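Keep in mind that what you see is a predicted model, and the values were worked out from it rather than measured. Reckoned from all heavy atoms, side chains included, excluding hydrogens, waters and symmetry mates. We name chains A, B, ... by the order of the sequence lines, and we start the count at 1 in each one.
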Amino acid sequence: MNACVSFEGIGKSFVPGQLVLDDVNLSLPAGATTAIVGESGSGKTTLLQLVNAVVRPDQGTIRVFGEPIPEDLVKFRRRIGYSVQGAGLFPHMTNRDNVVLLARLEGWASADIEGRYASLLEQMGLPEDVSDRYPGELSGGQQQRVGLCRSLMLKPRLLLLDEPFSTVDPITRVGVYESFQNVQRHEGVSTVLVTHDMREAVKLASTLVIVNQGRVVQAGPTADVLAKPDGDYVAALLRGQLE
Amino acid sequence: MRWVLAVASLFWALAVHGTEPIRVASKNFNESYLLAEIIAQLLEDRGYPVERRFGLGGTLICFEALVTGEIDLYVEYTGTLGQAILGVPEVMGRGALNELIADRGIELLEPFGFNNTYAMVTPRALAQSLNLTSVGDLAAHGDLNVVVSHEFLERDDGWRGLARTYDLQADAVGIEHGLAYQAVADGGIDVTDAYSTDGELRRYDLVVLRDDLGYFPQYLAAPLVRSALADDVKTAIEGLADLIDDTRMQSLNAEVVFNGRTFAEVANEFLVDWGLAQRRDTSNGLWRSLAVNTTQHLKLTGIALLGAILVGVGLSLAVFRMPALSKGVTYFCGLLQTIPSIALLALMIPLFGIGPLPAIIALFLYSLLPILRNALTALTTLDPTLTRVALAMGLTEWEQLRFVYVPLSLPSIFAGIRTAAVISIGTATLAAFIGAGGLGDPIVTGLALNDVGLILQGAVPAALLAVATELLFEALERWLLPGHLRRG
């Protein structure tokens, strides 16, 4: 199996003596979507932020497409899309500027920027007239779509999503899922999704990683996890959220 | 860019003086202003360019400024020079004083003629009826009502020494100096102490009793100048030697204090009377001086503010990611703020002399805190999601500042600048005490003369300037506000 991200013996604590992650060993498949599922405080967001080096591990190695995290973090991070809960759009920039900022900084030709921008907008199901408006003038669902456009702008091979759909209302969410899956199919980007919502995980991901109190309690293809939950915790989690 | 040019040109204007003017200074009391103005007009009439640095806050400021070459001359008194400045106990003449100060590169020119010392005074009518002409004559009249200022009563070289020297029997009591003249004129007091050239002596028709035994030290007024001053300039100034006796100085002072005339008018009239200068138009000085003072005021606050913006914003950008250092810097700037402004200005003198430079530096230090604190607060309290996204998406440190931190902090930074600007405009009025000019000039002079009109000439424009600054910044703020806030 080709791995997009692998964690090897990862340990991390923010407060001495309190491990947020304890000896995590994982390999996430490339070209697919993996959902890291857990309750708040389980360590799932820390796991995600280790991938783009926003958080550094105390022990262990992280490899992205087989390579350890390099010295030049700016260049490294620009190859990884990142989208968060509430979209995290810069409120003082128009939606267009939010999306194309990195491409401009990378020195893309303006025709390329426009082409890529227009295609993302279309794939994400956003109307053209959001471009010159500010994020605060959009609905939560639209903001989230703009946020996804921003994270995809530089055509990353890897996309990290930190609960990006959780602030969107359930009905709108279905539409955003579809748009997202549409882009993902089209671009073949490897995705790591962090969520507390098992239903969302099952819908979007082919691989599930269940974390609890800093430890991986089960990891494997979604169908396998659903068929054979490993232990009471996973079973309870599946039961509680899927029924 | 335009701002940068503006700063550059202001510094240029400060640095370049053209032909070196003669910098004439004065202390902040009536007689000192008047004599300085007389010298200034005399030199101007001879064709020398003159720069007036009037109203410096006290003897030591003037002296230090002269020794360090910040000014070229001011009028000093022999007694003050000997005792207060040089610390020599005995009374010395001009020659002896000049020997003491020669190695400091300064010299005392020929005195004007009058002696502004302590004096015992009495109403003319009383003096005539009791035939009083000297202090000694008081000995025979132990029943006279002697009331002197509190300071004179307490000082060892005041009343007690005088009574011992002249064997006076009268029991003196103390009174507030400002009230003594009126009380003498009303007949409530027979004898009091005074300064021998006060204009009040003319106004209330008081006579000075001669100090035959030379009890009071001599305070002969004379120009104290830098020795390096050109000989022809010194000669021109010495044209004033021995022209002003006690009575003349009294009436010159009275012209300003009681008849409400300007220093320029009185000085010009004096010079014309003695054929030393042409008559000049001294009437329409108001608008011109208003323009000069306002321009200078804006220059002082503008340069200080620009410096504080550059340093304050720059410093906060440099330290905001380091909480301990940010705290340290904020405390330090807060400490500066606790120094009373007049004390901060005084502290600048040994370091930077007098004039605009130390004033600008003091104003700069004052402006720093509001700008720095607002900037630091804004930069450290941005939405953590946004700052994490900025980092995680791969912006460099500089790009994070440029695209996220600075634009989002701008409204708060701007509010700090606005506060600093208004504080500066108010504080800059104190800069006149160290010879920096500005709208504080008429205020300081007005305080010295107890002239409310003159005080308002500085206070009103300064207040208007502060209001105008508020309005200007409000407009600028709206213009600079990030788009999403403007539209919202």
Side-chain angles (χ1 to χ4, degrees), chain A residues 45-46 48-56 70 72-106 132-138 143 147 150-154 156 158-164 167, chain B residues 313 316-318 320-324 374-418 473-488:
Chain A
T45 295
T46 305
L48 193 75
Q49 291 178 353
L50 283 164
V51 179
N52 56 6
V54 171
V55 174
R56 308 310 297 259
D72 184 353
L73 290 178
V74 167
K75 199 170 153 201
F76 171 71
R77 287 172 178 147
R78 286 187 184 184
R79 293 200 306 256
I80 301 176
Y82 183 62
S83 194
V84 297
Q85 180 175 2
L89 295 171
F90 301 132
H92 58 292
M93 295 183 190
T94 61
N95 295 305
R96 182 205 309 272
D97 288 343
N98 264 285
V99 173
V100 306
L101 174 64
L102 280 176
R104 278 193 194 133
L105 293 176
E106 287 282 294
D132 294 325
R133 291 156 72 190
Y134 290 95
E137 299 170 311
L138 303 188
Q143 287 186 32
R150 177 172 69 178
S151 60
L152 290 163
M153 183 69 195
L154 294 185
L158 176 63
L159 188 59
L160 306 178
L161 303 178
D162 190 354
E163 305 242 16
T167 51
Chain B
V313 175
S316 43
L317 288 176
F320 81 96
R321 288 182 199 269
M322 295 165 271
N374 271 37
L376 272 180
T377 306
L379 288 168
T380 51
T381 55
L382 290 185
D383 179 355
T385 303
L386 296 183
T387 56
R388 196 180 65 238
V389 167
L391 176 75
M393 71 193 287
L395 295 180
T396 62
E397 289 241 339
W398 164 250
E399 287 162 355
Q400 290 173 40
L401 293 181
R402 159 85 178 74
F403 294 108
V404 182
Y405 283 90
V406 172
L408 288 175
S409 305
L410 212 54
S412 181
I413 292 176
F414 214 77
I417 293 172
R418 181 167 159 178
F473 271 78
E474 215 174 282
L476 269 177
E477 220 166 301
R478 229 170 312 150
W479 182 58
L480 282 175
L481 213 56
H484 70 293
L485 293 177
R486 230 181 308 162
R487 211 182 280 186

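With a 4.5 angstrom heavy-atom cutoff, E399(B) touches chain A only via side-chain atoms. For a residue to count as touching a neighbouring chain, one of its non-hydrogen atoms must lie under 4.5 Å from one of that chain's; by this rule L160(A) does not touch chain B. For chain B, the nearby parts of V74(A) are the backbone and the side chain; heavy atoms of each come within less than 4.5 Å. Neither the backbone nor the side chain of R79(A) comes within less than 4.5 Å of any heavy atom in chain B. When heavy atoms are compared at a cutoff of 4.5 Å, T385(B) approaches chain A solely by way of its side chain, counted from C-beta outward.
Using a 4.5 Å heavy-atom threshold, the side chains of V84(A) and R388(B) count as touching. Residues L105(A) and L395(B) are in side-chain contact: their nearest non-hydrogen atoms beyond the backbone lie under 4.5 Å apart.
Taking a 6.0 Å sphere around CZ of R402(B), one finds it holds 12 or fewer heavy atoms contributed by other residues, nucleotides or ligands.
The two atoms that bring A392(B) and V54(A) nearest to each other are CB-CG2, 3.6 Å, heavy atoms only. Scanning both residues, L102(A) and G394(B), for their nearest heavy atoms gives CD2-O, 4.4 Å. Between L386(B) and P91(A) the shortest heavy-atom distance is CD1-CD, 3.6 Å. The shortest non-hydrogen separation linking F403(B) to H92(A) is O-NE2, 2.6 Å.
For the options Q49(A), Q85(A), K75(A), heavy-atom pairs under 4.5 Å to chain B are most numerous at Q49(A).
With rounding to the nearest 0.5 angstrom, the OG1 atom of T396(B) is 11.0 Å from the CZ atom of R77(A).
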